[in-house]
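Some notes on the structure that comes next.
Note that the coordinates shown come from a computational prediction; the quantities given were computed from them, not determined experimentally.
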Amino acid sequence: PAGYAAPPPPAFVGDHTVTIRFPVMSRPHRPARRTGMCRIVGAVACAAPLFPTHASAQVLSQYFPEIGRGVGETWVDSEQIRISREFQPQGLHLGGFKLNGDLNEGVGYIDNANRLPGGGQSAIISTVAQVGLISDWSVDRLYANASVSDLRYPSEGSQNQTTWTAAIGGYHDIANDRLGFDYSHLNLVQTPNTLGSFATIQPVKYQVDRAALSYTVARDGRFSLIPEGNITNFSFDQGARLPSAIGIAVPQTYRNRAVILESLTGRYHWTEAASALIMLRGTEIRYTHGLAGYPGRDSNGLALMAGIDYSAIHLIDLRVLAGYQRRFYRNAAYPDYGTPIVEAQASWAPSRLTRLQLDVQHGIEDSAFENVAGFTYTNLQLGISHQYQRDIILSGHFTFQKGEYQNTPTHLVGSILTQAGGDQTIFGGGLSAQWLMNRHLRLNLNYDISNQNVLGTTGKFTVNTVMIRVDVNL
């Protein structure tokens, strides 16, 4: 993903691995600050994630920068650095670069490995490896990183999955401007407990390729502009095995598409700690495999957002963008629709050892798991982290997600594009403890629970997961 070298070990929620991200230093002379889910930089592995994200509708938000920020930046959390200074992995210095690595081995138990009503229980064996190389230059930045995750379920072998990611990017300063770039490739899987997904009896593999470019004008000035463009290609080359299909794999290539985004963000620094933001964003979605006899599903979208970015170092961080977005389908068979769009992140440190954080997102889903008319989503996460002792970090989190779906147009009912209207709701939470043994070794204990319904099934189900993990860092 753009802007990090070697991320910390993923947080486990069921079978989902989630990259924890750290926020960017928006101006060179300002201290680093936190703005929600954090992106990591170099060898700085955070002492403990404030909270893991649950199965998210916005799969790309786990890997790419927050909206309205430049491409290719490196990110850091000064508060987590302060808490865990003596336990920070050092990495290896190789000339003008720094090499960071992480190996995470875990075992655990899950009482519903299928993430479906009546799913079977199983042990979990997890292996995650990550490596990153980042430049240590006084100006400009270049990075490359890769990660692989393997999850095994001895009692439910159909749920076994291996995913991997790779990225390269950075930025180049041109006087007081900054050109940022990155390219990322993600090999991921879709599982039923993802908002916007549907019931499948085994994970569905897919790939994401994304290229992005941004140019920050007058990055040190009171007023700056950030034009950005990116293109993301989704490729589903594996069929989905549905419970109702009696083991037959239903082709998913009809979901292959390219998503093109272009945005212009204006930032006005009215004080050293506070900025005003306004952003205009356009979206074009073009499907690459049409279905014979059915109207095309291509669409265009437009969003306008405004907000604030405020940071009182080590005390309060607040970033709110809100506005309205609308999607226009090129074929009149599909109705246009719009909804408010919100991205809000707030954190508060009532003491130097405790931090609370709230993340809220709402909008139209443009991610990997939409179907025909898509859906609107709401995602809320609340977390708390406390340094119980110098080497022990305790944390907890609560998650609420909701998807609201439109009915498929009448002439498509009964086809592969059928999408029933209604709601999907996910509640989740968990507790974790991390023992920082030294710079290179840490022990993690996690418990997570979620309750939800899945499209294509009736009733709700609960998933409980317990994991113990050993993490080794360079």
Side-chain angles (χ1 to χ4, degrees), residues 6-20 49 52-56 59 62-63 101-131 146-166 185-194 197 199-208 236-243 247 249 252 368-369 428 430 432-434 441-450 452 454 461-473:
F12 285 83
V13 183
D15 67 333
H16 281 261
T17 57
V18 185
T19 301
I20 306 301
T53 48
H54 231 281
S56 174
V59 62
Q62 301 170 14
Y63 298 97
D102 177 276
L103 177 64
N104 181 280
E105 292 286 346
V107 295
Y109 167 81
I110 184 170
D111 64 359
N112 188 338
N114 306 90
R115 288 86 182 173
L116 291 171
Q121 59 187 351
S122 178
I124 306 175
I125 302 172
S126 163
T127 300
V128 180
Q130 304 175 92
V131 63
S147 67
V148 61
S149 172
D150 183 76
L151 294 172
R152 301 284 127 177
Y153 301 87
S155 300
E156 295 288 339
S158 63
Q159 303 306 307
N160 294 344
Q161 56 190 261
T162 300
T163 61
W164 64 273
T165 70
H185 176 82
L186 315 174
N187 262 52
L188 306 175
V189 295
Q190 172 193 347
T191 54
N193 65 327
T194 304
S197 179
T200 58
I201 61 178
Q202 72 179 78
V204 177
K205 298 178 182 179
Y206 69 101
Q207 294 81 44
V208 180
F236 291 78
D237 54 9
Q238 176 192 8
R241 297 178 60 199
L242 309 180
Q252 296 292 291
F369 309 135
S432 67
Q434 185 175 67
L441 191 64
R442 58 192 65 193
L443 186 66
N444 304 273
L445 177 63
N446 300 85
Y447 168 72
D448 291 285
I449 183 172
S450 67
Q452 68 176 96
V454 170
F461 61 93
T462 301
V463 180
N464 292 275
T465 308
V466 178
M467 292 291 299
I468 183 168
R469 299 181 284 123
V470 177
D471 193 34
V472 181
N473 299 277

Residues V472, L441; criterion side chain to side chain contact (heavy atoms under 4.5 Å, CB included); working and verdict: CA-CA 5 Å; V472 181; L441 191 64; 3.8 Å; yes

Side-chain heavy atoms of I124 within contact of E156, under 4.5 Å: no

Partner set under salt bridge (Lys or Arg N to Asp or Glu O under 4.0 Å) for D111, not counting sequence neighbours: none

Heavy-atom side-chain proximity of N446 to N444 below 4.5 angstrom: yes

Test: D471 and R469 ion pair at under 4.0 Å: no

Any L443 side-chain heavy atom under 4.5 Å of V470 side chain: yes

For Q207, side-chain hydrogen bond (donor to acceptor under 3.5 Å, both in side chains) partners two or more places apart: none

side-chain hydrogen bond (donor to acceptor under 3.5 Å, both in side chains) partners for S155, two or more places apart: none

D150 side-chain N/O to T127 backbone N/O, donor-acceptor pair under 3.5 Å: no

Interatomic distance, N464 atom CG to N112 atom CG [nearest 0.5 angstrom]: 9.5 Å

Rounded distance (nearest 0.5 Å) linking atom OG of S158 with atom CG of N114: 5.5 Å

Non-hydrogen atoms of N160 and P203 that approach each other most closely: O-CG, 4.5 Å

Rounded distance [0.5 Å steps], OG in S147 versus CH2 in W164: 9.5 Å

Residue pair V463, I110: steps toward the side chain to side chain contact (heavy atoms under 4.5 Å, CB included) verdict: CA-CA 7 Å; V463 180; I110 184 170; 3.7 Å; yes

Non-hydrogen atoms of D102 and N473 that approach each other most closely: OD2-OD1, 2.6 Å

Over all atoms of both residues, closest heavy-atom pair of T200 and P192: O-CG, 3.4 Å

For G106 against M467, the heavy-atom pair lying closest together: C-CE, 4.0 Å

Criterion side chain to side chain contact (heavy atoms under 4.5 Å, CB included) on L188 and Q161, from CA distance to verdict: CA-CA 9 Å; L188 306 175; Q161 56 190 261; over 6 Å; no

R115 to Y153 - nearest heavy-atom pair and separation: NH2-OH, 3.1 Å

Evaluation steps, side chain to side chain contact (heavy atoms under 4.5 Å, CB included), between S122 and Q159: CA-CA 10 Å; S122 178; Q159 303 306 307; over 6 Å; no

Rounded distance (nearest 0.5 Å) linking atom OG1 of T191 with atom CG of L116: 9.5 Å

Whether Y206 and F236 hold their rings parallel, tilted or perpendicular, with breakpoints at 30° and 60°: parallel

